[in-house]
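Below is one structure, written out as C-alpha cells, with a few remarks after it.
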Amino acid sequence: MADTKHETKLLDELEKGPWPSFVKEIKKSAEKNPVGHDLLGQLELSYRDKISHWKHGGIVGVMGYGGGVIGRYSDVPDQFPNVAHFHTLRVNMPSGWFYTSDVLNKLCDVWEEHGSGITNMHGSTGDIIFLGTTTDQLEPTFADLTANGFDLGGSGSDVRTPSCCVGKARCEWACYDTMKLCNDITQEFQDELHRPAFPYKFKFKFSGCANDCVAAKARSDLSIIGTWKDDIQQDDKAVAEYAKNGLDIQKDVCNHCPTKCMDWDGSKLTINNRECVRCMHCINVMPKALRPGKERGATLLMGAKAPILQGALLSSVLVPFVPEDELMDTIKELVDRVWDFWCEYGKNRERVGELIQRVGMGNFLDAIGLDAIPEMVSAPRDNPFVFIQTDEQEAE
Amino acid sequence: MADTKHETKLLDELEKGPWPSFVKEIKKSAEKNPVGHDLLGQLELSYRDKISHWKHGGIVGVMGYGGGVIGRYSDVPDQFPNVAHFHTLRVNMPSGWFYTSDVLNKLCDVWEEHGSGITNMHGSTGDIIFLGTTTDQLEPTFADLTANGFDLGGSGSDVRTPSCCVGKARCEWACYDTMKLCNDITQEFQDELHRPAFPYKFKFKFSGCANDCVAAKARSDLSIIGTWKDDIQQDDKAVAEYAKNGLDIQKDVCNHCPTKCMDWDGSKLTINNRECVRCMHCINVMPKALRPGKERGATLLMGAKAPILQGALLSSVLVPFVPEDELMDTIKELVDRVWDFWCEYGKNRERVGELIQRVGMGNFLDAIGLDAIPEMVSAPRDNPFVFIQTDEQEAE
Amino acid sequence: MAEQPVKRVTDIGPPHYEKFLHPLIKKNYGNWKFHESMAPGVFFHESESGDRIYTVRAGTPRLLSTQTIRAFADLAKKYCGGYLRFTSRHNVEFLLDNPDNIEPLKADLTKIGFPVGGTNNSISNIVHTQGWVHCHSSATDASGIVKAVMDALYDRFTHEDLPAKLRIALACCLNMCGAVHCSDIAILGVHRKPPRVQHDSLHKVCEIPNVVASCPTGAIRPATTEDGKKTVEVVEEQCMFCGNCFSVCPAMQLNDPENDGISIWVGGKVSDARSQPTFSKLAIPFIPNEPPRWPGVVNAVVNIVDVYAKNAKKYERMGEWIARIGWPKFFELTGIPFTKYHIDDFRFAGTTFARSAQIRL
Amino acid sequence: MAEQPVKRVTDIGPPHYEKFLHPLIKKNYGNWKFHESMAPGVFFHESESGDRIYTVRAGTPRLLSTQTIRAFADLAKKYCGGYLRFTSRHNVEFLLDNPDNIEPLKADLTKIGFPVGGTNNSISNIVHTQGWVHCHSSATDASGIVKAVMDALYDRFTHEDLPAKLRIALACCLNMCGAVHCSDIAILGVHRKPPRVQHDSLHKVCEIPNVVASCPTGAIRPATTEDGKKTVEVVEEQCMFCGNCFSVCPAMQLNDPENDGISIWVGGKVSDARSQPTFSKLAIPFIPNEPPRWPGVVNAVVNIVDVYAKNAKKYERMGEWIARIGWPKFFELTGIPFTKYHIDDFRFAGTTFARSAQIRL
Ligand code: SRM
Ligand code: SRM
Ligand code: SRM
Ligand code: SRM
Ligand code: SF4
Ligand code: SF4
Ligand code: SF4
Ligand code: SF4
Ligand code: SF4
Ligand code: SF4
Ligand code: SF4
Ligand code: SF4
C-alpha cells in the first residue's frame, strides 16, 4: 500500500475544542494503517468540495449471506487508492452492548489485521461497525469474527440487528428481560437476518419500560415496551422522605401525570392505578418510593420508521399487554403472520407500517387474525367513508 | 286540485309523545291545502318502503337568479299528483332571525297563497324554507316576497345565505356587531349570492365570540369569530360574590382554563392575560365578574366544510385579529383575492378549504398576498418533504 | 348582471333586522352587561342602564305549518309587543320586557304543545335536515327520527341537569347538511351498497367524465353496454358509499331499503370553551332504518346520554369527558362493541392510531 | 438455507451477553432496587441485596480507532475488572464495584480526552450517521458537525442544569439513519435541487420503471435522449428533493455543493414520560454547509438550547415547553423567522392547521 500523507488544513480545525475528535481518531488509526491517510485525504476533499466523494454502494458480501456488508467505492480512486474500495461490515453486538476488555481487544486484533482499524461504536441500529476494507478481506474478516464468536448483523431487506436497553442488567425498572429476549429473537431469526427475503427491512427494538431507552417506538417495525398490569409499588415512608427533602410532589409529580390520577394531600400520596397509563414519570422522579408493579410484561407496538416515503411513522399499539413469560412465543407467532402477509402483499421497499396504512388497519388485523380493540387508536375515525361490509358480503 | 286523504298508519305513530310533531304540522297545513295530504301520503309510502320517493332535483328558479330554489319532483306522481312538483324556496332571513308578529303573518300570507303552507324555521344554513310549490308559482311567490321586503337566499355554486349569532342584540359577549356585519356582507354580495359563478358554494358565518353560537368554525368557508386584544374585564367584588355563593373557582374555572393562566389564591383571582387564548370558559362561568376586553374585533378563519369529498374540515386561522371597525373592509378585500384565486385554480365542486389542502397553504398565502405566521398552525410541519425554492428559483 | 324587466325588484337582500328589534333591545343594543338564567328555557339579560330583556325559549319541530307560525305570532302579540326570534337550533324565543308575562306565556306554550327549555346544560333542539320529506339523497328520514329521539329526551330538554351542554344533530346522508360532524352526538344516515348504475339512462342524463371524476376512490370506470351504450361501471370493493356520484348523476342510484340506515358519532364540539373544536368520532357504524319510531337509534342515543350524564364531571362536554376517561372506557361503559370499522383507514389514517405506550391496563 | 462449505461457521449470531456481565451484575440481575446519581456521568444502582454497581459514563466521537477502544479496555481492566459497555447514544460506560475507583477513573478519562457526563438533565451524545466519511447520499457531513456542536455544548454534557433531558440527533439525508425524527433537536441534511439525470448511464445501471415508481410525487417520467437512449426526465416543480430516486438509481445525482445544507427540527421525544412520543417539527428550513466548523448550525443549536434552558420549567422537555408557551412564542423567543415552508403541505397537511379560535393576542 502506498503510504501518502495528505494535507488536511480544514479537518485539522476539527482537532481543536474539548469534545473528542473523530479526526484525531482517524489519524491515530493512520499511524498503523495508511488507509487512514487516504480516508482523511478524501474527506478533506469533501470538505473543500462540500460534497460526498463516495459512489453509490455496490453489492458485496460474504458467502451465503445477503446482508451485513455495505459496499462502498471512492469516486476519486486515483487520488486515494487506499480507499478505492472501502466497504463496511456490520458486526452484531452482544445484547445491551456489554463487553469485556478481552473481547474488545480481540475485535481490535481482527479489524487491525483485515481492515482500516476504524470503527463506529456503534452504528445507529446498534451494530459494531467495521469501517472500511476491501472485497478480498471480507471472507477472512468473517472467518476471524466467527472464530471469536461473533457474526454479522443485518442490512438490506432482512431482519435488522435487534437491539435492546440495558434492562435487568442495570435498571430497576425493566418490566421484562430485554437482553435475553433480544438475544433469543436474534438467534431465532438468524436466517431471516442474514438472507434478505422481505419486501424491505424489519427492525426489532426492546425497551424495558415506557422511557424507551432504545427509542424503539420511533424506529423499529416491532417495538416491545415493558409495562405492568397491577398497581405501582409504593413505599409511603420513602415518599415522605422525598417530600421532606424538598421535592414538591404536587407540582413536580402529580401535575405532570398525564391522567392526573395521583392525589397528594400533603402527607399521603394516592394513585388511582386503574387510571394510570404507565407513563413512568412519577417513578422516574421518585425511584426510591415508587416502582413498576409486580405483574409485568410488555406492550407490542408496530410500524415505526423514518420518513422515506410517506412520512415518518411511530409504532402504534397492536397488543396492549403480554405477560413476560409469553413474550417469546407471542412475538414469534405474531411476526410469522405479519411477515406472511407482508411478503405476499407488501410492495418492494414498503415497510410494514406503510403497508398497514395502505391496506388499512382493519384489513391488516383481519389478515393477521387479531381483533380490533379501542386501545389501538387514540380516537375512532372521524370521517364517514367506511368500507363497511353488509352481512351477505361478510358471508361471502 | 284533487283532495285525497291518504291512510297514514305509520306516520300517525309520530303524533304520539310529548315533543311537538311535524306530522301534526303537515296535517294542519293539509286542512288548508291538499298538497299536505299528498306529502303525507308519499311520506307514508317512504316509511313503508324505507326509501325516498323524490327524484333527483331539476334546475328551476326565478328569472335572473341561478339560486334560491331547489327543484324537486316525485317519483310516484300518479299516486300523489299534488306533490308531482314540490320545489323549495330559500328565503333569506333577517340577521339574527328576528321577526315581528306582523312580518311573520305577511310571510304566511304569501306562502299560503302560493305554496304548501309548510315551512322550515329555519333551514340549517339559516334561510326561511318555503317547502313545496310548483314551477308556475315560483315567480309569483318571488314577486310577493320582494313586495314585502324579502329576497331569496343562496343555493348552488354561489355565496350562500350568511348567518350570524344574536350578538349585540341580546348578548353581553359580542366582540363585534355580528348582525350588522352579516347584513352588510349579505347586501354587499347580492350578485354573488343570486348568480352562481364560483367553482362551488361559499359560506359566511358570524359569531360574536369563541363560543361560536352559529357553529361558524365547523361549517363556513369564512368564519368570523369575535375576540379581544386587551385584558379580560374583571370585577373582583363580583368574583368574591361567586366564591361566596359556592362556586369552586379553582376547580370549576382555573382548572378548565386551557392555558392554566389563571391563579386563584382563595381570595384574589389573577389572570395572565398574555397567556389567555380567549376561550371564553371563565367568562361563561362568571358572566357577572368577567367580560371580554374593551379592544375588540374578530379572528378570521377559513375553510370549514362537510366531509364530501376529502373529509370534513374545520376553519383554520388566517388573520388572528382584525379591529371591529376594519372588519368590513378587510373581509371584502380578503374574499376578493380568495375568490379570484379560487375561480382561476379551483376545480369544479372544490371548496376553498379543499383547494388550500391541494395547493398547499404556503402557495395559497402567496396567491392571496398574506404572510405566513405561526398563529396559522397548531405546529410546524414534521415531515422533511419541503418544496423549498432556492434563491435563483425565487428570483425567477 | 342579467337583463331584468323594469318593474321587477331583485337583489334587495333580506329586510334590515332593526325593523324587527324590540324597542328595549334597540335601546340597549351592544350594552348588555350580564345574563342570568331563571328557569329552564327562561333567562334575562341586564344592560348597563339596568334594563332587562327576558327570553322564553320553546322547542319546535322546525317543520312548521303557517298556522303554527301564526300561533307564535299571536303569543308574541299577546305577551311581548309582537317581538320574537328563532335560534340557530330551530327554537323560538319570545322577548319580553315584563317578567309577569313569563308564566302565562309558558302556560300558553305548553297548552299548544311547545315545551319551554333547551338552555344551559340541557339537550337543545336537534339540528336536522330534510330526509324523506324533501330530499332525494336521504339514506334515512330526518324529522321522524328527531321526533322519536326528542320524545325520549324530552325531560333533558326541559331540565338543565346535565354536566354540560349536549348538542345533537342529524343528517340524512354524508353530505351532512346538518353539519353534524362537530356534535356531541351525531345521527348520520348512511348507505352500504354501491350505486346501481342505470345503464339505459346514464348517457342521456350525465357526462361520463364527470361521473368518473366524482368518485374519491376511483371506483368508477367508463364502460359500454352490450347494445353499445356509453355508461360506467363501479368496482364494488372500492366503493365506500359516499354518494358523491349520485349527487352529480341521477343514474347512480344508491338508495337501498334493506342496507340504508344510521350511524352514531360522538364527542364533537364547536365552541372553543376550554377545549378546541373537534370532530365527532364513530361510535356505532350501523343501525337499520326502523320507521316509524326508530327504536334502535332512540335506545342508542338515550344510552349514550345516560352514561354520559352519570359519569361526566361538571363542565365536561361529551368529548372532553371521553378524552379524560379514554375511548376504551367509553366503549366499556356504553357497552358498544368496538369493530375494525372504528379504525380510520381514510386519508389521515395513522394519525389516529395509538402511537404511544400510554395505556390503562 | 444456501449451501455452505463444511468448515465454514455461519449463523451463530452474537456472543451471549452473559459472558460479558460483571459478576456483581450477574448476581443481582433483575434485582436492582433503585439508582441514585452521584455526579454528572456517575450514578449507582443498588440491589435488593444491598449490593451497588457504580457507573461512570464518558462521551465518545462514536468513530473510534482500535487504539482508543484498547485504551478503554485498559481502563476497564485497571478499574473494574475489565467490564464496560456502550450506550444507545454511543457513550461508553465503565461498571465498577468499588466507588474508590471512580475519581481515578474520571481523572484518567479526562487525561485521554473523554469527558464524563451525559446523564440526567444534561445534553447527551449526539446520535448520528456517516456523512462524507462513508455514505454516498449525504447532503452534509455528520461527524464534523457533531464535533463542532458538541464543542459548543461541552458544558451542557458535563453539567446537569437543564430543565430536563435534551436529546440531539443528526442525519445527513432524509433517509434519517439517525432516526432524528423524534429528537428534542434534530439536525438534518437536506438537498434543494432536483436530481441531475445521467442520461448516458441511466439505462445501463437502472430499471426505468423502478426509477419512475420510486418518486412519491410522481415527478419522474420515462423519456428518450436525442440519440435514442431510454432515460427519465424530472418535472422539477414536483420534486421535493427526498432522494428516493437516488437510493434506487445511482444515475439520479442529487449532491450539489451550493444547494445542499442543513435544516433544524425541534420538540420531538420518544419516551412516554408525561407526554406521548412526538415528532420533531421544522424550526429552520435551511442553513448552508460551512465546513469545517459549521458556525451557522452551531449558533442555531446553541441559541435554541439557551432559550429553552432559560424559559422551560423543570421536567419540561423541549416539545413540552413549546406546547405550553405555543409556537408563536417559540419563534419570537428564538428570533427564528417563520416562513411558508413551516406550514405542512404534505400528506397530513390540514391536520396541523390552527383549527380553533384559541389564540394569544
Ligand atoms: C450505518 C448506518 C448509519 C450510521 O452511521 O449509524 C446506516 C447507513 C445507511 N443507511 Fe440507514 N443506517 C443506519 C441506521 C438506520 C436507522 C436507525 C435505526 O436502525 O435505528 C434508520 C431509521 C429507522 C428506520 O429503519 O426507519 C435508517 C434508515 C435508512 C433508510 C430509510 C428506511 C425507511 O424505510 O425509511 C435508508 C434508505 C434505504 O433503505 O434505501 C437507509 C439506507 C442506508 C444506507 C445503506 C444508504 C443507502 O441508501 O444504501 C447507508 C449506508 C451508509 C454507509 O455507507 O455506511 N437507512 N438507517 C446505520 C446502521 C448501522 C448499524 O447497523 O448499526
Ligand atoms: C335545506 C338544507 C337542509 C335542511 O333541511 O336544512 C340542505 C339541503 C340540501 N343540501 Fe345541504 N342543505 C342545507 C345546509 C347545508 C349545510 C349546513 C350549513 O350550511 O350550515 C351543509 C354543511 C356545511 C357545508 O356547506 O359544508 C350542507 C352540505 C351540503 C353538501 C356537501 C357540501 C360539501 O362541500 O361538502 C351537499 C352536496 C352538494 O352540494 O352537492 C349539499 C346538497 C344539498 C341538496 C341540495 C341535495 C343535493 O345533493 O342537491 C339538499 C336539498 C334538499 C332538498 O331537497 O331540500 N348540502 N348543506 C340546508 C339549506 C337550508 C338553508 O338554506 O338554510
Ligand atoms: C340563542 C343562541 C344564539 C342564536 O343566535 O341563536 C345562543 C345563545 C346563547 N349561548 Fe350559545 N347559543 C346558541 C347556539 C350555540 C351553539 C351552536 C349550536 O349549538 O349549534 C354553540 C356551539 C355548541 C358546540 O360547541 O357544539 C353554543 C355554545 C355556547 C357556549 C359554549 C358551551 C361550551 O361550554 O362548550 C356558551 C357558554 C355557556 O353556555 O356557558 C354559550 C352561551 C350562550 C348564551 C348564554 C350567551 C349569552 O350570554 O347570551 C346565550 C343563551 C344561553 C343558553 O342558550 O343557554 N353558547 N351556543 C343559540 C341557541 C341555540 C338553541 O336554541 O339551543
Ligand atoms: C444507558 C441508557 C440505556 C442503554 O441501554 O444504553 C439509559 C439509561 C437510563 N435511562 Fe434512559 N437511557 C438511555 C437512553 C435513553 C433514550 C434513547 C435516546 O436518547 O436515544 C431515551 C428516550 C429519549 C427521548 O424521549 O427522546 C431515554 C429516556 C429516559 C427517560 C425519560 C426522560 C423523559 O423524561 O422523557 C428516563 C427517566 C428519567 O431520566 O427521569 C430515563 C432514565 C434512565 C435511567 C435512569 C434508568 C435507570 O434507572 O437506570 C438510566 C440511567 C440514567 C441516565 O442516563 O441519566 N431514560 N433514555 C441510554 C443512555 C444513552 C446515553 O448515553 O445518553
Ligand atoms: S427503557 Fe426503562 S427499563 Fe430500559 S433502561 Fe430505560 S428506564 Fe430502564
Ligand atoms: S406512571 Fe405516569 S400515569 Fe401512572 S401515575 Fe405515574 S405519572 Fe401518572
Ligand atoms: S357567539 Fe358569543 S357573542 Fe354570539 S351569542 Fe354566542 S356567546 Fe354571545
Ligand atoms: S378565557 Fe379561557 S384562556 Fe382566557 S383566562 Fe379564561 S379560561 Fe383561560
Ligand atoms: S343531508 Fe343529504 S339527504 Fe339530507 S338534506 Fe342534505 S343532501 Fe339531502
Ligand atoms: S358512492 Fe362514492 S365511492 Fe361509491 S362509487 Fe359513488 S362516488 Fe365512488
Ligand atoms: S442518513 Fe442518509 S446520508 Fe446519512 S448515512 Fe443514512 S443514508 Fe447515508
Ligand atoms: S428527489 Fe424525490 S421527489 Fe425528487 S424526483 Fe427524486 S424521488 Fe422524486
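The basis for the numbers below is simple: all heavy atoms, side chains too, and nothing from hydrogens, waters or symmetry mates. In what follows, every chain begins at residue 1, and chains take the letters A, B, ... in the order their sequences are listed.
Side-chain atoms of B/N120 never come within 3.5 Å of backbone atoms of B/I129 as a donor-acceptor pair (strictly under, hydrogens ignored). Formation of a donor-acceptor pair under 3.5 Å by the B/D151 side chain with backbone atoms of C/D11 is found in this model. Of the possible donor and acceptor atoms, none in the side chain of B/W111 sits under 3.5 Å from a partner among the backbone N and O of C/T66. Formation of a donor-acceptor pair under 3.5 Å by the C/S138 side chain with backbone atoms of C/D141 is not found in this model. Side-chain atoms of C/H181 come within 3.5 Å of backbone N or O of B/A218 as a donor-acceptor pair.
B/Q187 touches chain C through its side chain: at least one heavy atom from C-beta onward sits under 4.5 Å away, while N, CA, C and O do not. With a 4.5 angstrom heavy-atom cutoff, B/D49 touches chain C only via backbone atoms. With a threshold of 4.5 angstrom between heavy atoms, B/D75 does not approach chain C through any atom at all. For C/H35, the parts lying near chain B are the backbone and the side chain together; criterion is any non-hydrogen pair under 4.5 Å. Looking at B/F142, the atoms closer than 4.5 Å to chain C (heavy atoms on both sides) all sit in the side chain, from C-beta outward. C/R70 touches chain B through backbone and side chain together, each having a heavy atom under 4.5 Å away.
Note on B/I26, B/L313, B/L193: by heavy-atom pairs under 4.5 Å with chain C, the leading option is B/L313. Counting heavy-atom pairs closer than 4.5 Å to chain B, the top residue among C/S214, C/A73, C/G13 is C/G13. For the set C/R89, C/Q130, C/K19, C/Q276, the count of heavy-atom pairs under 4.5 angstrom toward chain B peaks at C/Q130. Most heavy-atom pairs under 4.5 Å with chain C: of the set B/L14, B/V62, B/D212, B/T146, this distinction falls to B/L14. Of the listed residues (B/G126, B/C171, B/G153), the one with the most heavy-atom contacts under 4.5 Å to chain C is B/C171. If you tally non-hydrogen atom pairs under 4.5 Å between each of B/D252, B/T161, B/I51 and chain C, the highest count goes to B/I51. Chain C forms the most heavy-atom pairs under 4.5 Å with one residue out of B/M280, B/R219, B/H194, and that residue is B/H194. Interface remark: of the candidates C/T87, C/V146, C/L21, C/I112, C/L21 forms the most heavy-atom pairs closer than 4.5 Å to chain B. Between chain C and the options B/P94, B/G17, B/S52, heavy-atom pairs under 4.5 Å are most frequent for B/S52.
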Candidate pair B/W97 and C/Y17, rule ring-ring contact (aromatic ring centres under 6.0 Å, His included), full reasoning:
CA-CA 8 Å; B/W97 301 285; C/Y17 54 88; over 10 Å; no
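Figure legend: cation-pi geometry between C/R85 and B/F98, with NZ or CZ positioned under 6.0 Å from the six-membered ring centre and within 45° of its axis.
Side-chain atoms of B/R170 and C/N28 include no donor-acceptor pair closer than 3.5 Å.
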Under 3.5 Å, sequence neighbours excluded: what are the donor-acceptor pairs made by side chains of residues 250-257 of chain C?
{"residue": "C/N255", "atom": "ND2", "partner": "C/H136", "partner atom": "O", "Å": "3.4"}
{"residue": "C/D256", "atom": "OD1", "partner": "C/E258", "partner atom": "N", "Å": "3.0"}
{"residue": "C/D256", "atom": "OD1", "partner": "C/N259", "partner atom": "N", "Å": "2.9"}
{"residue": "C/D256", "atom": "OD1", "partner": "C/N259", "partner atom": "ND2", "Å": "3.3"}
{"residue": "C/D256", "atom": "OD2", "partner": "C/N259", "partner atom": "ND2", "Å": "3.3"}

